[in-house]
Amino acid sequence: MKEKRQCLRCGTCCKKGGPVLHGKDLSLLDNSVLSLDNLITIRKQEPSFNPFTDRIEPAGQELIKIAGKGASWECIFYDAGQSACLIHTDRPMECRALQCWDTGEIQAISENERLSRFDLIGKNDPLRDFMELHEEQCSYGKALTFLEHLSAPLPNAQSLEGLTLIMRKDLEIRDKAISRFRLSLNLELFYFGRPLFKSLRHPCLRVNLSGPSIHLELIRPA
């Protein structure tokens with residue numbers, strides 16, 4: 001069998017998720033190839049898919065990725081009908097480096113100059129205060145500590161209460177920012193990432209939403 005040495009345009013790479021953005025990709029925003037509502041933030045320690053290990057793992061640092069389509073991670077710029085990239089000429093750095101038959105190049109650059117939200121917004125952007133408050137009070141580091149305690153043979157009520165308060169604060173800060181700045185869902189996912197109640201899962205945890213209120217319940221497998 002002949003060894004694969006070129007892209008066959010099968011779309012597998014694009015269907016697994018959009019690329020992480022790096023410093024060299026800033027020009028794509030400056031030239032309006034990309035806009036903030038095309039992007040999603042993966043916050044530090046957020047459980048996310050690592051394509052190099054093929055596992056869900058806490059992100060080692062904040063990542064900015066091109067968003068997916070709805071509930072799918074398929075890159076929004078992938079045209080499935082044509083099996084083509086809609087911004088191929090101006091595609092990001094990782095897309096240029098990726099060769100599915102030899103991932104050495106993309107692995108070599110994967111951690112270089114990764115962008116964060118604060119690299120993409122102005123120092124006087126009024127949303128910075130909301131983002132900094134959100135990161136201080138609703139970090140994944142704090143939330144994951146409480147979540148891990150739920151796996152104990154006798155999880156304490158303080159862990160459940162602490163996780164509930166963080167998830168409520170997460171929604172509260174988002175709601176204030178959305179109301180004040182009239183953020184679309186796409187921009188919310190850039191400025192604040194995914195809500196904690198959507199990104200954190202545990203077999204002993206049930207999340208109940210009632211309007212803006214959130215309630216967590218401990219359950220035990222039968």
Side-chain angles (χ1 to χ4, degrees), residues 17-18 35-49 56-74 76 116-118 120-121 125-222:
S35 60
L36 297 185
D37 58 2
N38 296 147
L39 309 176
I40 184 171
T41 295
I42 304 295
R43 295 199 291 144
K44 185 177 180 180
Q45 294 188 273
E46 178 177 346
S48 57
F49 178 70
I56 301 294
E57 300 174 346
Q61 66 184 89
E62 182 168 298
L63 307 173
I64 303 298
K65 293 173 62 72
I66 290 184
K69 298 176 181 177
S72 166
W73 278 109
E74 181 176 304
I76 58 171
S116 77
R117 292 168 288 176
F118 295 97
L120 304 184
I121 64 173
D125 190 315
L127 268 159
R128 287 183 79 101
D129 290 341
F130 284 83
M131 294 161 63
E132 290 170 355
L133 178 66
H134 181 252
E135 198 58 36
E136 176 188 342
Q137 298 190 6
C138 311
S139 72
Y140 276 94
K142 292 179 181 179
L144 287 171
T145 298
F146 290 125
L147 194 69
E148 289 167 3
H149 289 169
L150 299 184
S151 298
L154 294 173
N156 58 53
Q158 288 79 11
S159 295
L160 187 64
E161 181 181 356
L163 187 58
T164 300
L165 290 175
I166 287 179
M167 287 190 175
R168 285 177 179 169
K169 179 59 69 173
D170 173 38
L171 295 179
E172 177 186 318
I173 294 173
R174 289 169 186 273
D175 286 345
K176 287 182 178 178
I178 290 168
S179 176
R180 179 171 174 181
F181 300 101
R182 299 184 179 182
L183 299 181
S184 65
L185 174 59
N186 289 349
L187 284 175
E188 177 198 343
L189 293 176
F190 167 74
Y191 284 111
F192 299 104
R194 295 183 295 168
L196 291 173
F197 81 89
K198 288 189 174 181
S199 56
L200 295 179
R201 295 285 186 268
H202 193 281
C204 297
L205 186 66
R206 177 181 293 153
V207 178
N208 300 304
L209 284 175
S210 178
S213 178
I214 188 167
H215 175 72
L216 304 186
E217 178 184 358
L218 268 181
I219 58 174
R220 289 298 181 190

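Remember, it's a predicted structure, so these values are computed and weren't measured experimentally. Throughout, residue positions are numbered sequentially from 1 according to the sequence presented.
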Original post:
From L187 CG over to I178 CD1, what is the distance, rounded to the nearest 0.5 angstrom?
Top reply: 10.0 Å
Subject >> E136 backbone acceptor or donor facing K142 side chain under 3.5 Å >> reply: yes
Original post:
Under 6.0 Å between ring centres, would you say that holds for Y191 and F181?
Top reply: no
Original post:
Is R206 atom CZ crowded by more than 12 heavy atoms from other residues, nucleotides or ligands, each under 6.0 Å away?
Top reply: no
Original post:
Looking at I173 and H134, what are the two nearest heavy atoms and their distance?
Top reply: CD1-CA, 3.7 Å
**OP:** Determine, stepwise, if the pair D125 / F130 fulfils side-chain contact (heavy atoms from CB on, under 4.5 Å).
**Re:** CA-CA 10 Å; D125 190 315; F130 284 83; over 6 Å; no
Subject >> salt bridge (Lys or Arg N to Asp or Glu O under 4.0 Å) partners of E74, counting only residues at least two apart >> reply: K69
**OP:** Answer whether the closest heavy-atom distance between the side chains of Y140 and L200 falls below 4.5 Å.
**Re:** yes
Original post:
Just how far is it from atom CG of L171 to atom CD1 of I166, taken to the nearest 0.5 Å?
Top reply: 12.5 Å
Subject >> L63 CG to S48 OG distance, which is reported to the nearest 0.5 Å >> reply: 6.0 Å
Subject >> Inter-residue atom distance R128.CZ - E135.CD, 0.5 Å rounding >> reply: 12.5 Å
**OP:** Quick one: closest heavy-atom pair of D170 and P195, and the distance?
**Re:** OD2-CA, 3.4 Å
Original post:
Are any side-chain N or O atoms of R43 and backbone N or O atoms of G193, one a donor and one an acceptor, separated by less than 3.5 Å?
Top reply: no
**OP:** Please answer whether the main-chain N or O of F190 pairs with a side-chain N or O of R117 as donor and acceptor at a distance below 3.5 Å.
**Re:** no
Original post:
Which atom names give the shortest non-hydrogen contact between K169 and C138, and what distance separates them?
Top reply: CG-SG, 3.6 Å
**OP:** Output the distance between atom CD1 (I64) and atom CG (L39), rounded to the nearest 0.5 Å.
**Re:** 6.5 Å
**OP:** Say whether S35 and D37, considering side chains only, have a donor N or O and an acceptor N or O under 3.5 Å apart.
**Re:** yes
**OP:** Not counting sequence neighbours, which residues clear salt bridge (Lys or Arg N to Asp or Glu O under 4.0 Å) with E148? List them please.
**Re:** none
Original post:
Has the side chain of S179 got a donor or acceptor atom that lies under 3.5 Å from a matching backbone atom of D175?
Top reply: no
**OP:** Specify the closest pair of heavy atoms between R201 and L147, including all atoms of both residues, with the distance to one decimal.
**Re:** O-CD2, 3.9 Å
Original post:
Which heavy atom in L189 sits nearest to a heavy atom in R194, and how many Å separate them?
Top reply: CD2-CA, 4.0 Å
Original post:
Are any side-chain N or O atoms of K65 and backbone N or O atoms of I40, one a donor and one an acceptor, separated by less than 3.5 Å?
Top reply: no
**OP:** To the nearest 0.5 angstrom, please state how far the NZ atom of K176 sits from the CG atom of L183.
**Re:** 14.5 Å
Original post:
Taking all atoms of both residues into account, what is the closest heavy-atom pair of L163 and A143, and its distance?
Top reply: CD1-O, 3.7 Å
Original post:
So, the side chain of E188 versus the backbone of R174: is there a donor-acceptor pair under 3.5 Å, distance only?
Top reply: no
